[in-house]
Amino acid sequence: MDLALLDTTLADLGQPKFRARQVWSWAARGAAGYDEMTDLPAALRGELAERVPFSTLTVERETRSKDGTLKVLLSTHDNRKIETVLMRYKDGRGSVCLSSQVGCALTCTFCATGRMKFARNLTAGEILDQALYFRRQTDITNVIFMGMGEPMMNLDHVLAASRLLPDLGVTHRRTAISTVGWIPGIDRLTQTDMPIRLALSLHAADEDLRSAIMPVNDRYPLADVLAACERFYSVKKRQVFVEYVMLDGINDQPHHAEELAAVLDPVIYKVNLIPYNPTDSIYDGSARDTIAAFRDVLEARGVRATIRLTRGQDIDAACGQLAVKAAAA
Ligand code: SAH
């Protein structure tokens with residue numbers, strides 16, 4: 001829902017100030033439309049339905065994975081396509097993976113979104129509407145900005161959306177922003193009052209190798225990025241999650257794990273090793289025992305490491321697979 005449009009429309013209609021809040025809290029709790037807002041005058045519900053689209057996004061297609069992961073293809077008012085994913089876990093968590101941009105300006109060599117052109121930033125309303133789409137079906141407990149785009153390059157809107165997520169049942173502590181290491185964004189997150197978690201897509205501890213697979217490393221070298229993460233930790237006292245995608249023969253050898261352990265303070269960082277999901281890139285994923293051996297080297301050096309469970313791979317909803325084939329063509 002476009003909350004600014006809601007405000008001006010209510011003002012136009014001469015409605016009292018509390019109405020906007022009333023409408024928003026119904027939407028945030030998963031109402032399907034204005035009709036359900038029974039404490040609003042019927043005439044007003046009708047006016048709103050005409051003047052403020054209930055969602056800024058329309059649904060193009062929903063796909064369900066064998067593991068229960070749901071992926072939805074959404075269309076913006078200017079006909080841009082974005083994808084959003086819901087992962088449900090046995091312990092009751094419902095985690096939504098949100099997109100922050102249409103396409104991505106960065107060119108990480110292994111990522112499907114990185115091969116799409118950047119089109120534009122999403123608004124705060126468009127970001128919230130992705131989460132609301134799933135909120136209307138189920139309880140959601142966690143949000144991760146790990147969908148399409150680089151959230152730190154659209155941080156105003158990402159933070160504005162995050163500020164309202166508690167109304168949907170997602171606390172700031174259960175909200176995480178993942179970045180390639182966009183230092184100005186990390187520094188801003190350090191300064192916000194919200195206890196949002198930081199995740200860093202690291203992928204190679206060696207500067208040259210990292211630059212080769214993630215060109216953004218030339219602009220913000222890893223050493224400087226880690227210094228920014230350490231400032232974040234010292235202010236926020238929250239561990240930083242390191243994402244490390246395992247590329248066969250590229251960054252997955254024991255010496256790469258040694259190099260990684262050497263740059264990570266185990267008090268500050270926890271590593272999540274990500275099995276590579278096939279996209280049409282030049283890379284293959286590492287073998288399972290290569291990933292396990294890598295984890296063992298990290299653990300032996302005192303760095304906590306887990307291997308990410310891959311979800312939604314059969315529907316191209318897994319990490320790095322979010323590129324809209326229809327729209328890209
Ligand atoms: N731009 C941000 C947010 C996107 S998060 C960031 O890079 O952190 C998407 C995560 O999935 C990143 O950690 C990215 O490196 C990882 N990823 C990208 N392509 C992947 C692939 N094909 N398989 C597994 N993980 C991938």
Please report the closest heavy-atom contact between [X] and [Y], naming both atoms and the distance.
X: D248; Y: D252; result: CA-OD2, 3.4 Å
X: A27; Y: L132; result: O-CD2, 3.3 Å
X: T290; Y: M246; result: O-CE, 4.5 Å
X: S100; Y: V158; result: CB-CG2, 3.8 Å
X: V52; Y: M1; result: CG1-CG, 4.2 Å
X: T113; Y: C104; result: CG2-CB, 3.8 Å

Partners of [X] by ring pair (Phe, Tyr, Trp, His ring centres under 6.0 Å), sequence neighbours excluded?
X: F134; result: none
X: W26; result: none
X: Y34; result: F54

Taking [X] for its side chain and [Y] for its backbone only, find out whether a donor-acceptor pair lies under 3.5 Å.
X: R174; Y: T141; result: yes
X: R29; Y: S25; result: yes
X: T109; Y: I213; result: yes
X: R238; Y: P195; result: yes
X: K236; Y: M194; result: yes
X: S201; Y: E243; result: no
X: E62; Y: K71; result: no
X: R304; Y: K270; result: no
X: R231; Y: D187; result: no

Min side-chain heavy-atom separation [X]-[Y] under 4.5 Å:
X: E259; Y: N251; answer: no
X: L202; Y: L264; answer: yes
X: C229; Y: Y269; answer: yes
X: L226; Y: L200; answer: yes
X: L198; Y: T190; answer: no
X: L159; Y: T192; answer: yes

What I want to find out is whether [X] reaches [Y] closely enough, with some N-O distance under 4.0 Å, to be called a salt bridge.
X: R295; Y: E299; value: no
X: R135; Y: D167; value: no
X: R136; Y: D129; value: no

(message) Under the side-chain hydrogen bond (donor to acceptor under 3.5 Å, both in side chains) test against S65, which residue among T63, D67, T69 passes?
(response) D67

(request) Sequence neighbours left out, what passes salt bridge (Lys or Arg N to Asp or Glu O under 4.0 Å) with D78? Give chain and number order. (result)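 So D78 forms a salt bridge (Lys or Arg N to Asp or Glu O under 4.0 Å) with R80, R120.
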
(message) Suppose we screen for salt bridge (Lys or Arg N to Asp or Glu O under 4.0 Å). Which residues come up paired with D206, at least two apart in sequence or across chains?
(response) none

[X]-[Y] side chain donor-acceptor pair, cut-off 3.5 Å:
X: T179; Y: E150; result: yes
X: D218; Y: S211; result: yes
X: N272; Y: R308; result: yes
X: T76; Y: E126; result: no

(request) Determine, step by step, whether R163 and D193 satisfy the salt bridge (charged side-chain N to carboxylate O under 4.0 Å, His left out) criterion, reporting the C-alpha distance in whole Å, the side-chain angles of both residues, the deciding distance to 0.1 Å, and the verdict. (result) CA-CA 10 Å; R163 197 164 288 287; D193 54 334; 2.9 Å; yes

(message) If we check side chain to side chain contact (heavy atoms under 4.5 Å, CB included) with L122, which of these qualifies: Q130, M148, H157?
(response) Q130

(message) Checking R51 against D2 for the salt bridge (charged side-chain N to carboxylate O under 4.0 Å, His left out) test, could you report, in this order, the C-alpha distance in whole Å, the side-chain angles of both residues, the deciding distance, and whether it holds?
(response) CA-CA 11 Å; R51 296 170 62 159; D2 181 338; over 6 Å; no

(message) Please enumerate all residues that pass side chain to side chain contact (heavy atoms under 4.5 Å, CB included) together with Q15, with sequence neighbours excluded.
(response) L10, L13, R19, L44

(request) State plainly whether one hydrophobic cluster holds both V216 and V225, where clusters connect Ile, Leu, Val, Met, Phe, Trp and Tyr through side-chain heavy atoms under 4.5 angstrom apart. (result) yes

(message) Angle between ring planes, Y276 versus F110, binned at 30° and 60°: parallel, tilted or perpendicular?
(response)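 Taking F110 first and then Y276, their aromatic rings stand perpendicular (interplane angle over 60°).
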
